[in-house]
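To keep things clear, I will list the structure first and then write my remarks on it.
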Number of protein chains: 2
Amino acid sequence: MNTNSTARHKAHAAVLKAMAHASRLVIIEALATKDHCVCELAALVGADMSTVSKHLSTLRNAGIISDTKRGTSVICHLKCPCVLSFLACVTDVLKTNAREQMDLVA
Amino acid sequence: MNTNSTARHKAHAAVLKAMAHASRLVIIEALATKDHCVCELAALVGADMSTVSKHLSTLRNAGIISDTKRGTSVICHLKCPCVLSFLACVTDVLKTNAREQMDLVA
DNA sequence: TGGTTAGTTTCCAATATAGCAAAATAACCA
DNA sequence: TGGTTATTTTGCTATATTGGAAACTAACCA
């Protein structure tokens, strides 16, 4: 484990960690379709706006989303739609897990 | 936000969360090449074996790795090599971030 | 059986995260 | 200017995560 690879792994982990929350995944999926303002996302997630605002700043700090101000609203935009490809694989993991659970019962 | 999609998002988040740690990424990358026993992984990560053992159980619970016992050793195996495709995209995110940092300075 | 190696679990302290409420900003409109 | 809407920040509490040390378990060997 040299210092460089540790730094790289930490950076990678930070991006994954930013995605690793149900509400933030809801936000990411919503933004995959189209840009949304914070209050729309708050309604979608169903949480306090202050909470959603913090989730958004987590995603922003990780470089996953960007935003522009329009009037009093902040419009959020998914910078890296490739993150959705993660979810396809995650779904595979979950399917495998489910299949194994089935096998245990059967 | 209906209950089903919340459950799905929670399940997805759990898998991402299991990956979201520098040491666990080191483990995942090592296992992508070949199976390893716990003590080899502990040496690679450079942490206490009890700590690595706990990281492994996190990955195991998420369904990312499996293991078989051989003598006194436990051999770990990466169940879903597709998780590596995550990292390619994460690298894109990081590159974009770095480029923006450059732009700020330039 | 007793010792050794490999791994896991438990205990505990330090740190990080999540969420709401309330206060603070910011841009707009009358 | 004063009020309103949208958003962020701060304060605080509850909860989760991390990691080493020590105790415990399991498989092997002499």
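So that the names make sense, note that chain A is the first sequence line, chain B the second, and so on, each numbered from 1.
What separates CD1 of A:Ile65 from P of D:dT7 is a distance of 12 Å, to the nearest Å. Taking atom CD on A:Glu40 and atom C1' on D:dA6, their separation rounds to 12 Å, with Å as the unit. The distance from atom CE of A:Met49 to atom P of C:dA24 is 17 Å, rounded to the nearest whole Å. Rounded to a whole Å, the NE2 atom of A:His55 is 13 Å from the P atom of D:dT8. Rounded to whole angstrom, the span from the CG atom of B:Asp48 across to the P atom of D:dT17 amounts to 20 Å. Protein atom CD1 of B:Ile75 is 14 Å distant from nucleotide atom C1' of C:dT5, rounded to whole Å. Whole-Å rounding puts the B:Leu56 CG to C:dA6 C1' distance at 13 Å. Across the protein-nucleic acid pair, B:Leu41 atom CG and C:dT8 atom C1' stand 15 Å apart, rounded to whole Å.
Taken together, the cysteine pair B:Cys89 and A:Cys82 places its SG atoms within less than 2.5 Å of each other.
Residues of residues 12-20 of chain A having a heavy atom closer than 4.0 Å to DNA chain D: none are found.
Both B:Ser57 and A:His21 lie close to DNA chain C; mapped to their nearest nucleotides by heavy-atom distance, the more 5′-ward contact belongs to B:Ser57. When each of A:Ala47 and A:Lys69 is assigned the nucleotide of DNA chain C with its nearest heavy atom, A:Ala47 is the one assigned upstream, toward the 5' end.
Looking at heavy-atom distances under 4.0 Å, A:Ser73 makes contact with sugar-phosphate atoms alone, never a base. Contact annotation for A:Arg70: no contact, since no heavy-atom pair falls under 4.0 Å across all strands.
Between A:Thr91 and B:His12 there is a side-chain heavy-atom pair separated by less than 4.5 Å. Between B:Val15 and B:Val83, every side-chain heavy-atom pair lies at or beyond the 4.5 Å cut-off. Counting heavy atoms from C-beta on, the side chains of B:Leu56 and B:Asp67 never come closer than 4.5 Å.
Between C:dT9, C:dA21, D:dT7, one nucleotide has an atom nearer to the side chain of A:Ser50 than all others, and that is C:dA21. Checked against D:dT5, D:dT8, D:dG20, the side chain of B:Thr51 finds its nearest nucleotide in D:dG20.
Under the 4.5 Å side-chain contact rule for hydrophobic residues, B:Met19 and B:Leu44 share a cluster.
No donor-acceptor pair closer than 3.5 Å links the side chain of B:Arg24 to the backbone N or O of B:Leu59.
On a pure distance criterion of 3.5 Å, a polar donor-acceptor pair joins the side chain of B:Lys54 and the base of D:dG20.
For D:dT5, neither phosphate oxygen OP1 nor OP2 lies less than 4.0 angstrom from any side-chain nitrogen or oxygen of A:Thr72.
Taken from CG in B:Leu41 to CE in B:Met49, the straight-line distance is 11.0 Å, to the nearest 0.5 Å.
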